[in-house]
Amino acid sequence: MRSILLRASESALPTSAATASGLNAATIVRVFNPDGASTHVVTRLASVSGTVLGSVTIAPNEEIYLFKDPADCLYTDASVRAVPVAFIN
């Protein structure tokens with residue numbers, strides 16, 4: 001079992017590039033799709049409304065860990081939650 005350190009409170013990701021969040025300059029983010037029926041896309045930007053660096057589809061009730069640069073921002077198409085974390089050995 002992996003141990004994580006929470007670096008902030010979990011919150012809903014913004015739903016547009018214009019309001020994308022850097023999650024306090026986090027470099028590791030736990031992302032969770034609480035929707036039990038639908039997949040959702042999380043997009044990584046170089047900055048708010050910036051160049052798209054990548055995107056990922058998250059299955060219903062799936063949890064993933066995203067690594068990003070401190071300046072990068074995230075947004076989603078629907079109700080996905082995220083929290084900055086660090087791994088502890």
Side-chain angles (χ1 to χ4, degrees):
M1 179 203 278
R2 86 182 109 203
S3 297
I4 61 170
L5 173 66
L6 299 174
R7 299 217 175 239
S9 295
E10 182 179 78
S11 61
L13 280 177
T15 55
S16 76
T19 59
S21 175
L23 294 138
N24 300 322
T27 56
I28 307 170
V29 180
R30 176 190 176 267
V31 180
F32 176 65
N33 175 6
D35 188 329
S38 300
T39 60
H40 294 296
V41 175
V42 173
T43 302
R44 178 179 159 220
L45 304 173
S47 61
V48 174
S49 296
T51 303
V52 173
L53 300 174
S55 63
V56 61
T57 300
I58 303 177
N61 296 316
E62 183 178 23
E63 163 191 82
I64 65 170
Y65 291 86
L66 290 177
F67 289 77
K68 65 179 207 56
D69 291 329
D72 294 350
C73 296
L74 302 175
Y75 77 97
T76 185
D77 63 345
S79 61
V80 172
R81 302 193 61 79
V83 61
V85 299
F87 291 115
I88 301 172
N89 293 332

**Prompt:** Is Val80 linked to Val56 within one hydrophobic cluster, defined over Ile, Leu, Val, Met, Phe, Trp and Tyr using a side-chain heavy-atom separation of less than 4.5 Å?
**Reply:** yes
**Request:** Check Ala18 against Ser49 and note the closest heavy-atom contact, atom names and distance.
**Result:** CA-OG, 3.1 Å
**Message:** Side-chain heavy atoms under 4.5 Å apart, restricted to Ile/Leu/Val/Met/Phe/Trp/Tyr: what other residues fall into the cluster of Val41, or is it alone?
**Reply:** none
**Message:** Determine whether Leu66 and Ile28 satisfy the following criterion, side-chain contact (heavy atoms from CB on, under 4.5 Å), listing intermediate values before the conclusion.
**Reply:** CA-CA 6 Å; Leu66 290 177; Ile28 307 170; over 6 Å; no
**Prompt:** What do the steps show when you test Asn24 against Arg7 for side-chain contact (heavy atoms from CB on, under 4.5 Å), and what is the final call?
**Reply:** CA-CA 9 Å; Asn24 300 322; Arg7 299 217 175 239; over 6 Å; no
**Message:** Taking the side chain as everything from C-beta on, heavy atoms only, tell me whether Arg44 gets closer than 4.5 Å to Asp69.
**Reply:** yes
**Prompt:** Rounded to the nearest 0.5 Å, how far apart are CG of Asn61 and OG of Ser38?
**Reply:** 10.5 Å
**Message:** Same cluster or not: Phe32 versus Val42, using hydrophobic residues (I, L, V, M, F, W, Y) connected whenever any side-chain heavy atoms lie under 4.5 Å apart?
**Reply:** no
**Prompt:** How many angstroms lie between atom SG of Cys73 and atom CG of Leu23, to the nearest 0.5 angstrom?
**Reply:** 8.5 Å
**Prompt:** Just how far is it from atom CG of Leu13 to atom CG of Asp77, taken to the nearest 0.5 Å?
**Reply:** 10.5 Å
**Request:** Kindly compute the distance separating CD1 (Ile58) from OG1 (Thr39), expressed to the nearest 0.5 Å.
**Result:** 9.5 Å
**Message:** Looking at every non-hydrogen atom in both residues, tell me the closest pair between Ser55 and Thr43 and how far apart they are.
**Reply:** CB-OG1, 3.8 Å
**Complete:** The ring pair (Phe, Tyr, Trp, His ring centres under 6.0 Å) partners of Phe87 (sequence neighbours excluded) come to Tyr65
**Message:** Test your reading of the model: is there a side-chain donor-acceptor pair from Asn33 to the backbone of Ala59, 3.5 Å cut-off?
**Reply:** yes
**Request:** Measure across Thr19 and Pro14 and return the closest heavy-atom pair with its distance rounded to 0.1 Å.
**Result:** O-CG, 2.9 Å
**Item:** Distance-minimising heavy-atom pair for Pro60 and Ala37
**Value:** CG-C, 3.8 Å
**Message:** Checking the side chain of Lys68 only, and the main-chain atoms of Leu45 only, is there a donor and an acceptor separated by less than 3.5 Å?
**Reply:** no
**Message:** Is there a path of hydrophobic side-chain contacts, each under 4.5 Å between heavy atoms, that joins Val29 and Ile64?
**Reply:** yes
**Request:** Nearest 0.5 Å please: distance from the NE2 atom of His40 over to the CG atom of Asp35.
**Result:** 3.5 Å
**Atom pair CD1/CG of Ile88 and Leu5 - distance to nearest 0.5 Å** = 4.5 Å
